Structures are given as structure tokens and as C-alpha cells.
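Working notes, beginning with the structure itself.
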Amino acid sequence: MCKLVCFLVLSSLCLPEFVLPQATYQCGIRQHGVLPLVSEETGPGPGDSGGGMYISDGDRWILRGIVSLGKYNELKQEVDPLKYTVFVNVQPYLTWIKEVIAESEPRKNRRQKRISELECERFQSLSMKLRNGDCVNNRYRHDVLIYNGENLVCNGVLVEENHVITTCSCIRSKKFVVEYLPLSVVIDAYGTFDVLEMFCHPKHIGYRKNYDIAVLKLEASIVLSYTMIPACLANNWTENLYDILVQTLFVSEPTSTFEQGKHLTLIESTNNRLTLEKECTGRNKAGNRYEPRYEHIFNRSVRTGELCVNGSDHTLYKTYAKLIETASSGAVLQTFNRRSCVSTIVGLLIRNVKKKDLPSPSWVDIYARISSHLDWIEQNVWNVTPRVDPVPILGPEFRRLIYGDLHTQYNVEILHWSSNSSEFEPRCSGTVMSVKHVLTAAQCVMNQTIGKPLAADTFELRFGEYRKGQRTVNEYVRYVSEVHVHPERLVNDIAILVASWPVRKTEYVAHSYFMNSTDYTYSDVNEVVLNGWSIGKTGIPNNGSKDYFSFSTEIRQSCVQNISACTNILILDRQKCLEVGLRLSANQFCAGYSNEEVRILADRGSGMRLYINFAYVLAGVVSSEMTGNDTKTYTILTNAEPYVSWINGIMSSGKTKRISERECERFSSHITKHRGACWHLLGHIVKLYDIIRKYVCVGVLVRENRILTSCQCTRYPNRPSKAKLSDATFINITKKFCHPNYNSTSFQHDLAILELATPVDPKMIEIACLANVRTEQLLDAVVQTASLQKAKWKSPYYASTYEYFGTEQECARVLQPPHNDTFLKPGQTCVINNHFKKDLFSGSLFQSVDNRNCTFTVVGIGSTAVHNRGLIAGRAGAKFNIGIVHRVAYYLDWIEQVVWQEEFGIQHKWRLVNTARNAAARKIQVNVLSFAVLVLGVHFLVHSM
């Protein structure tokens, strides 16, 4: 039997006739087994649509078609297998099929590397070996020393050109919990570097070993070389704790008997082995200092957060007694790869623990494990995004050319993952707009087959000095987290890629300026610059400009006069573009080449720039290349200026800041720093006094003339009338606003705002910020500031300490049953602290400290506290206070409306609370007076009779 097999794309309807587009599809007759089917006897029926047709290729079957429909036999009520059967030819759709498969299959072979891994590869490009195979950088130059003035505080390690990591106990003051030490960093053979920023892990508390890690940002970048390579950071893939663990640290050797000199020695120890966790958790006399008795109640520690290491070189601590103190903190525990000449940090020394059951002196070292804290380190070293500014618009004013303004530093190569080669391949170019945003053409990021944007994780971006096939230390690789295509992409060929990690400005990466269309207009004498790598043209990216732009005025004049001798790209008049048959949208224009012989095809997505006022200004984005009816090739460009507002909306994430956030930025701008430490005066904390200057409670300044406290502090018997500032001055309180739903029995909604008669100067007095849902981190450590009174005859004062908030489940567990129904309402949380008295807890302040921005953010206000004597097993007599705290973020809408009333322009009923109370009091007084007059009148009448 024979059967005619035709390949045609049709729907699965039984049509009486088949029309075969001969240009696209083909027909064939099955004869002599040339096109054998899988089964000769079974014909495709209605239920078999979608079945495969296979061709034998010796020892395998090849899919050739998909069943679409067959000729239906009306008499037999079935598909006649001897008649025509229509198949979909799969060969023209192979590209689309592969794209769909690639989008849905697991991408195990292209796991995205962490930012620390990408940066490690960048550092590795600097490595160099001697002829004997030794690494040039084998002296651990990444080890640094941290000084407070002339005193060596501890050690640290360089992990990036601008960043050093060390322990938090090295940089935070032991006396004042919110104070950081003014520090400087000394790098061997490089000198001293001032610290610009420093900050601890947000979960670290006091002297505890958990989360004892910190980041220091240097004021100046380190010039990297083959002798100075930053250390890599271990992760779960690269950490090898069974390799040779090398501990390195600097020590100061005494130059005389009475003083400690500056002669430094780098100590290297290779006899370091992991030991049991219990060896580092044994208590000693000093243990209570590090392990508070109630730490296990709200436990935020991670079992894998520390490493317990037994070092056999015990003579080290005997020779250098200073090491058993803080001088050894921050010592580096690392592995060294002699093939790549790169060190990988696995831990930083926190402290030493003396073991009494071993020969003396015997010490066990506790290290902060890098892989457990890697997420936080990466976020604070590489993801510190500055405030998002609108794209800069260059005006007509003169602007001097500065470093980084060279046109080759604006370009970004965009690569796309290829399922065929299993690697990223060049696709387009783009333009750097900010630390995370790249502007390109919409065609570069679209799946043209299905008409949707390609997946974000299929792109890779390369910034800076890119050389294909050769990684350099000035090349920055990033992945893509978001793809934004203009909603009207068919007429607006523009798109933005958002990088997964920021790329800061350097000598090799610069941000583009836009041109103000009201100041400049395009004309056919505008010389332009096109950047790119000629992707797909020569196969050899050159990271260069597409023209031979000349700065000489004489050459430009000759170029205008003699157009045939000019080698520049020229923007053409729109009418001329239309005359040569080019189809342009409303926001497109074209550019031509004055000399066709020097024409080089530009990449799609490449930026077109004009050199104006000594700056390269972004004017357009390359969309495509077209050939006109004059056989010349023209570059089609999309004018970028009309999309500035759309670009700004994406760069700002479409979010508007709250009034409290905007004011917070204003307040923090007045705080100064000294060697990375904020110069805090704690002026935002104020004391409240009544009319006879008797102390009431504490409050916090949240605006120049507004204080946030608890409502209990404003009710009888507390009647605050004055606020005492940090400079000992008193300011009168004119108005008091309690939350309208305040309940004096359950203390729910226990918040109040006080208005001062005279505003303070934010340049002289600090003002705190207010937490919102985004900035509130309830699992982080917070600074609790509350009233403390050592004895009844002594005046109370406020003190501060780090504490944890409890989760909802933890708070319910520690509260006694009678209090569970009363407290822990929405907007409340709890805290445990046995230092403060119950009757002084109201109005206490809970805040987070950001030493980078020099801000205090109010997270909660204390309301009341209750005792739980049975909180600790076996210690029934101990008094532990469970404080109930109101979250600021929960009440932020009400707080903002009271503090910044002019921003909302509405009058609230709660503003009349005090007035109504006074009116009621006056009414009572009038009624009493009337009653008194009536009594006197009756008495007079009685006696007159």
C-alpha cells in the first residue's frame, strides 16, 4: 500500500481540500519503504492528532513531522489511512522548539555564580608565578592592621579594593554601645588608609560571639597588582575545612621594656584543626560576660555560624601575651590555592577560650565562619546602592572633562545564554545609566518568536575593560535581575536591563549624560560617536569607538566644507532619510557615513553620543542598519531624550518616599564623621519633666519641634510640661497628642506626640528617623534606651543596651497566662531585660543604629512591663521583666499625620482632644459656680424670711 504524505501547517479540522504552499512545504509519496512510518497498519485518526511521524536512520528514529489531520471517510466514520494525511513539518520550527525547551529545562550547567565568586575571578587575573612555580603574592599581603590612633586594635583582611572585614568587637566602643571607634587601616608596603564607613552585623549584641563580624569601607581605593590581591570569600561550594588551614595575623613586638613599639611581625600558623563544638562552648568565670543568663530565650544564633579550631602552636600565646586579648581578633583563617595563587578566607578569629583540662597554656580559637555570613557580607560590600538620582541632563553650561568621561567607558556588552554552546555568547551592546541600569534596544532582549522578553537570568553583562577571551581586573561581570521593555516596543525600540549587583563608578565605568532637547538640536553637521564591539561582524571585539572623532576645530570645518573627505558619522536630516526609502518611527532618525569605505556596522543597542561642553552626551540608541534605495547603508537610531521620564520611573522603581524617609535624609546630612565613626551626641533622646521639674520619662525627637513617647507619660500623675535637651536647655511643651484609641487599662495604642514651643536646630541637635515596613527588621538587635534608677533617693537617668525583640510565638511563651489575653495585640511586640524597673519602662526607646548613614531609627516605644519569676528553670526568685513595645511602623500613618500636619492638609478630630478636655473642665467649673450661686441664693432667701 502506498500513502501520499504531505507536510502542511493546518489546524486539526477535517477540511475537504488541502492547499499546499509550495514555497514553504513539500509533498512526498511513500513508496518502497522510502518514508517508513512507525506502524503501517494504523492510520492517524482524530484522537491521534499530535502523534509523531518518524524516519528510520539506521539504528535510530528521527522525528520528522507531527500529525495534524487526515482525510475523513463519511461512510466508515473514521479517518481513511489510504488517503491524504497532513503532517506539520517540524524542521522549520527547530529554533523555536529549542528556545522553548531552553526556557523550561533546568539550567544546572549554568548556575549563576555569586558576586564574591565573580569578583574572585577578577582578582585572580592579577596572579603571577615565578619561574619555580611559586606565587608572587605568597606573603598574605591581604592581611591588614586596624589602629585606633597609635594603638593596634586588631587584624583584618582586604576583600575588595575598598573593603576590609574584621570583627565587630574591634570597632565598637566597649563603654558606649552605640559608639564606633575612629579607626585607620594599615596595609603592609602600602601605608595608612582612613576609614570612610564601618558597620557591624545587625544581629550582633555586645560581647557575644554570635554574628561578631564587621565591614570597613576605605576612603581611598587600593591599587591592585600581582603583589596585592584581595582574598576570596568561602561559600558552601568553595569552603574546604579539611584542607590545610593557615592562620595569619600581625603582632607588635616591644622595642623596649616599658613601651610597645611599632615593629610588626606577620605570624603564620599551619597547625590548625577543627575540633568539637563543645570545646568552645564550655563556661568559665568570664563566660557570663559573653553568655547572658537569658540568652537562650530569644536565641538568634546559628549553630554553623562559628568554627571551633584547635591550634597546636600554643607557644604563640605564651610569647605574645597580648594575643589572648583583642589584639588577635580578626586574625585570618584561610586556605591557599597554589595553582590559582588565591587565598580563600574561611574564618575570622573572634576570641580565645582557655581550656583548663589541657596542659597549660592551652587555647581553643573561635572563628566567625565566613560562609555562614556570606549573604550579609556580599550585600554590604557589593550591593550598597547609593541614592537613585534622575538621569543627569547636560545643560548649556560649560563642563570640564573629568576622569571616566572617556566615551569607551560608557559601553556594556550584553551576552545571552546559548543552549547550543552551553555558554554566554555576545548579543548586543548597551549604555551604562547608573550603578545597576543599562539602556539598550528592545530587539536585544526580546524573543522574536513568541514576542515576549527573554528571561532575565539568561543575560550576562560585562562592564569596563572587556577583552574577549581574556579576563582583566578592570572588567566587571554582572547578571541581570530585571528586564524592562517599553510597553509600545513596536514603535519605541528601547529597553532597560537591571543588573543583579551594582557596578560603582571607576576609571573604566562611567554613567551617561542626556541631552536637553531645548538646548541642542540635531542637524546634518552633528558629528557623533558610536561605541560597541562590532558583535557578529568581525568576531573580535575591540571595545573601541566606531569613528575617528577629531577634537580639532580646523578639521571639523574642513569636514563640513569637504564632506567626501570626512570619516565621521553624520546625523542626517529626517527628510533626507525618508527620501532614500528609510522607514522611521516618530522618535527615530538616521545617520550616514560621509566616507563609505570607512563604514563599520554598529551593534544593536549601542549608544550614540555627541561631544558637547567637554562631555559625551547620550543622544540615541542604535536600533538597526538599513540599506536605502541609493544602495548606501544607514544606521537607524532611536532618540533617547523622549524616554527620560520612563527611564527615571524604572531607575527609581516607581516608588515614592514617605515624608518620614525624606526628612530622615535631611536629618542625617547634618551628622559628621571622623575616620568612619559618626560623631553622635545622642541629642535625639530627651528627658521630660513636669511643671515643678520632676522627672517623668524619656522621649525622642522625630522632628525639630515634635517628640515621640508613650501616652502614659502624658496622663495623670505624669504631666510633662518641659523637655530637657542634651545641652541641658529646657523647652516648653505646648501640645500633647495621644493616640485616639489609647486604652488606659490594657495600654494598647500607647503612643503620644508632644509639640515643642521652640524648634531645635538639626545642625546642633540630632533628630531620629522613623521605621517603616521596609526598614523595620524585628529579628535584628536593637538598642534599648530606658530610665534607670539605682536607688529611690537617687535621680533616674537613662541607659542603653542591645537587645532582641521576641517573635509572636516567643512572646506568648514568656508571658504568664493572665497577661496573654491582655497584651500582644496587633502592633505590639515584647523584649526581655532585667536591668530596668517596671514603673520606668513606659516611654523607653528602641532604635536601630546605622553607622553608614549616621542615623538612629526608632523601631518601638516601650509601654509597660510585667514580671515572670518562673522564666528561668531553677531560678524562681529571679525577676525578669517582659516589656511590651509598640512598633512604630505599625502606627507610622498616624505618627506622620501628627508630626507633619502641613503635608496632609487635613484637620483631624484627635487634634481636639486636649481642647475638648479643657472645654469639659471649664463646663464643670461653670456648673459648680452656678450651683454655688443657687445655694447662696436659697440660703439668702431663707434667712431673709
Side-chain angles (χ1 to χ4, degrees), residues 386 388-394 399-415 426-441 444 459-468 472 474-478 480 494-499 502-516 520 526-535 541-549 551 568-569 571 591 600 602-623 635 637-641 643-644 647-648 650-651:
V388 178
D389 295 320
V391 291
I393 305 295
L394 188 69
R399 182 177 180 275
R400 185 178 298 277
L401 184 69
I402 60 175
Y403 88 96
D405 275 352
L406 304 177
H407 54 266
T408 54
Q409 278 73 43
Y410 297 110
N411 215 50
V412 181
E413 190 197 14
I414 302 174
L415 297 91
R427 182 180 180 92
C428 284
S429 291
T431 302
V432 184
M433 300 305 303
S434 73
V435 292
K436 294 187 70 172
H437 297 87
V438 174
L439 186 67
T440 186
C444 296
F459 290 102
E460 184 180 270
L461 307 176
R462 294 182 180 266
F463 301 78
E465 190 181 33
Y466 171 62
R467 299 173 185 173
K468 188 175 182 181
T472 68
N474 299 316
E475 177 195 349
Y476 306 89
V477 178
R478 299 291 186 267
V480 173
I494 205 85
I496 291 180
L497 298 178
V498 181
V503 179
R504 64 176 61 94
K505 276 187 177 183
T506 67
E507 185 180 355
Y508 300 90
V509 179
H511 301 169
S512 295
Y513 288 86
F514 271 91
M515 187 176 67
N516 192 335
Y520 303 100
N526 282 130
E527 301 169 358
V528 302
V529 177
L530 294 178
N531 296 104
W533 283 269
S534 297
I535 296 174
N542 53 30
N543 193 13
S545 174
K546 296 299 181 184
D547 72 331
Y548 299 90
F549 184 82
F551 297 91
N568 296 84
I569 307 169
I571 299 176
I600 305 176
D603 305 333
R604 284 187 176 180
S606 295
M608 186 203 75
R609 295 172 187 83
L610 305 179
Y611 187 73
I612 300 174
N613 278 4
F614 293 89
Y616 285 97
V617 182
L618 182 66
V621 176
V622 175
S623 178
T635 301
L637 304 113
T638 301
N639 185 7
E641 193 272 334
Y643 304 99
V644 170
I647 295 172
N648 282 332
I650 294 176
M651 291 174 59

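Keep in mind the model is a prediction, meaning the values are calculated, not measured.
- Across Ala619 and Asn639, no two heavy atoms sit closer than the pair O-OD1, 3.3 Å.
- Minimum heavy-atom separation, His511 to Val432: CD2-CG1, 3.6 Å.
- With contacts defined as side-chain heavy-atom distances shorter than 4.5 Å, the pair Tyr410/Leu618 does not qualify.
- With contacts defined as side-chain heavy-atom distances shorter than 4.5 Å, the pair Thr506/Phe463 does not qualify.
- Summarising the geometry, atom OG belonging to Ser434 is positioned 14.0 Å from atom CZ belonging to Arg504; distances are rounded to the nearest 0.5 Å.
- What you find for Cys444 and Phe459 is that their closest heavy atoms are O-CE2, 3.9 Å.
- Nearest heavy atom pair, residue Asn474 against residue Tyr476, reads O-CE1, 3.4 Å.
- Between Thr431 and Val621, the closest side-chain pair of non-hydrogen atoms is not below 4.5 Å.
- Taking 4.5 Å as the limit, some side-chain heavy atom of Leu439 sits within range of a side-chain heavy atom of Ile496.
- Side-chain atoms of Val477 and Glu460, non-hydrogen and from C-beta on, do get closer than 4.5 Å to each other.
- Between atom CG of residue Leu497 and atom NE2 of residue His437 there is a gap of 10.0 Å, rounded to the nearest 0.5 Å.
- Across Asn411 and Ser429, no two heavy atoms sit closer than the pair ND2-OG, 3.8 Å.
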